[in-house]
K.L.:
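First the structure, which I've put down as structure tokens, then a few questions once you've had a look.
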Amino acid sequence: EKADGIYGTLEDGSRFRMAQITTYKNIVYLDEEGRRQVKKEQTYKGSFCVVTLNKVIKNQIEITGNSRKLRYDKNRIEVDSQSFEEEFDLIAKDRVQALRIFTPEVIEMIVSLRERIKVPFRVRIEGDKIYIKIDNGDIFEPISYKAELSASAILEYYNTVDIPVSLA
């Protein structure tokens, strides 16, 4: 059964699906009368996308936000782009294969994509899948009937859907 979301097939036959997700954690506490209560607290709201490629990549590759914690990770790969290094960390088990995929042109495309969408995103490549987490809040919530669908809102939708297309 397909849930709400965006589905598509790219020119090379790769498929993608994207949806807005919200995650919660349950907080259990006792109220004033000693009764057990459960309160939901939102922990994340954004978009999640899965691209299914036509080929299998025998490596685990991640593009994460720049982190001091990962600065000395043995699997961290430095690339020749100061803009990329300021925003991201590239982590991979197989360094040679990762650098074959993340050529200078691909690195620049990722930097350009980040500048265009103006929200953080993370990427994980494993097997024939690309998983993309986009920290864009509730972008796909219905627009109120009183508000107009502006050109900037349409551009924001386009840029969001273009992320899996560009990365694939």
Side-chain angles (χ1 to χ4, degrees), residues 1-10 14-31 35-53 57 60-71 73 75-76 81 83-92 98 101-102 106-168:
E1 174 183 327
K2 287 192 175 186
D4 290 343
I6 298 171
Y7 302 85
T9 302
L10 306 177
S14 299
R15 298 176 321 277
F16 78 93
R17 61 187 194 271
M18 173 185 276
Q20 183 170 301
I21 62 168
T22 306
T23 58
Y24 299 90
K25 69 178 178 180
N26 289 331
I27 299 172
V28 180
Y29 65 96
L30 297 177
D31 65 14
R35 291 184 301 222
R36 183 179 181 268
Q37 300 290 327
V38 178
K39 177 176 125 181
K40 279 186 168 184
E41 183 178 288
Q42 180 178 311
T43 56
Y44 178 78
K45 188 166 206 158
S47 299
F48 191 76
C49 181
V50 177
V51 179
T52 303
L53 302 169
I57 296 174
Q60 181 178 314
I61 305 170
E62 291 183 62
I63 299 173
T64 66
N66 191 340
S67 165
R68 283 188 178 158
K69 184 172 82 173
L70 295 174
R71 185 66 50 202
D73 186 303
N75 293 322
R76 183 179 178 280
S81 169
S83 300
F84 184 89
E85 292 288 334
E86 288 172 1
E87 289 286 331
F88 302 103
D89 285 321
L90 177 62
I91 309 294
I101 295 169
F102 290 94
V106 172
I107 292 293
E108 272 313 302
M109 183 274 303
I110 291 169
V111 169
S112 168
L113 187 61
R114 172 64 176 96
E115 289 171 357
R116 185 165 40 106
I117 65 168
K118 298 181 180 24
V119 295
F121 63 89
R122 309 290 180 268
V123 179
R124 181 182 181 108
I125 302 171
E126 195 167 344
D128 66 341
K129 303 278 193 266
I130 301 175
Y131 303 96
I132 308 163
K133 177 184 160 215
I134 309 163
D135 297 342
N136 58 355
D138 58 0
I139 186 172
F140 293 117
E141 284 297 313
I143 295 172
S144 112
Y145 291 110
K146 294 180 182 176
E148 290 186 32
L149 186 58
S150 67
S152 62
I154 292 171
L155 180 61
E156 190 175 6
Y157 293 154
Y158 170 80
N159 285 338
T160 299
V161 174
D162 190 45
I163 293 170
V165 174
S166 295
L167 289 174

K.L.:
Salt bridge check: are Lys39 and Glu41 linked by an N-O gap of less than 4.0 Å?
P.N.:
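Salt bridge absent between Lys39 and Glu41.
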K.L.:
Report the distance from atom CZ of Phe88 to atom CZ of Arg76, rounding to the nearest 0.5 Å.
P.N.:
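Interatomic distance, Phe88 CZ to Arg76 CZ, rounded to 0.5 Å: 12.5 Å.
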K.L.:
Going by side-chain contact (heavy atoms from CB on, under 4.5 Å), name the residues that satisfy it together with Ile101, two or more places apart in sequence or in a different chain.
P.N.:
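Residues passing side-chain contact (heavy atoms from CB on, under 4.5 Å) with Ile101: Ile57, Ile61, Gln97.
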K.L.:
Can you tell me if CZ on Arg15 sees more than 12 non-hydrogen neighbours from other groups inside 6.0 Å?
P.N.:
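Result for CZ/Arg15: open.
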K.L.:
Atom CD1 in Ile134, atom CD in Gln20: separation rounded to 0.5 Å?
P.N.:
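Here the rounded value is 11.0 Å.
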K.L.:
How many angstroms lie between atom OG of Ser112 and atom CZ of Arg114, to the nearest 0.5 angstrom?
P.N.:
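The CZ atom of Arg114 is 12.0 Å from OG of Ser112, to the nearest 0.5 Å.
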K.L.:
Out of curiosity, Ile125 CD1 to Gln60 CD, how far, rounded to the nearest 0.5 Å?
P.N.:
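Ile125 CD1 to Gln60 CD: 10.5 Å, rounded to 0.5 Å.
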K.L.:
Answer yes or no: is there a side-chain heavy-atom contact under 4.5 Å between Lys129 and Thr52?
P.N.:
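When only atoms from C-beta onward are counted, Thr52 and Lys129 do touch, with a gap below 4.5 Å.
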K.L.:
Taking the side chain as every heavy atom from C-beta outward, state whether Phe84 and Ile63 have any atom pair closer than 4.5 Å.
P.N.:
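They are in side-chain contact.
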K.L.:
Could you tell me which residues satisfy side-chain contact (heavy atoms from CB on, under 4.5 Å) with Thr23, sequence neighbours excluded, listed by chain and number?
P.N.:
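Partners of Thr23 under the side-chain contact (heavy atoms from CB on, under 4.5 Å) test: Thr43, Tyr44.
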K.L.:
Provide the closest heavy-atom pair for Thr64 versus Arg122 in the form atom of the first, atom of the second, distance.
P.N.:
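Heavy atoms only, the tightest pair is CA-CD, 3.6 Å.
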K.L.:
What's the verdict on side chain to side chain contact (heavy atoms under 4.5 Å, CB included) for Val28 and Gln37, showing C-alpha distance, side-chain angles and the deciding distance?
P.N.:
CA-CA 6 Å; Val28 180; Gln37 300 290 327; over 6 Å; no
K.L.:
Identify the heavy atoms of Gln42 and Lys45 that sit nearest to each other, and give their distance.
P.N.:
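In this case the closest contact between Gln42 and Lys45 is NE2-CB, 3.3 Å.
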K.L.:
Quick check: do Asn66 and Glu87 have side-chain heavy atoms less than 4.5 Å from each other?
P.N.:
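Sidechains of Glu87 and Asn66: no contact.
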K.L.:
Indicate the atoms forming the closest heavy-atom contact of Cys49 with Met18, along with that distance.
P.N.:
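Taking Cys49 first and Met18 second, the nearest heavy atoms are CB-CE, 4.0 Å.
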K.L.:
Nearest 0.5 Å, please: how far is CZ in Arg124 from NZ in Lys133?
P.N.:
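Nearest 0.5 Å value for the NZ-CZ distance: 12.5 Å.
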K.L.:
For a quick test of reading the model, state the closest non-hydrogen atom pair linking Phe121 to Leu113 and the distance between them.
P.N.:
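Heavy atoms of Phe121 and Leu113 come nearest at CZ-CD2, 4.1 Å.
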K.L.:
Of the non-hydrogen atoms in Ser81 and Glu108, which two are nearest, and what is the gap between them?
P.N.:
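Where Ser81 meets Glu108 most closely, the heavy atoms are OG-OE2, 3.4 Å.
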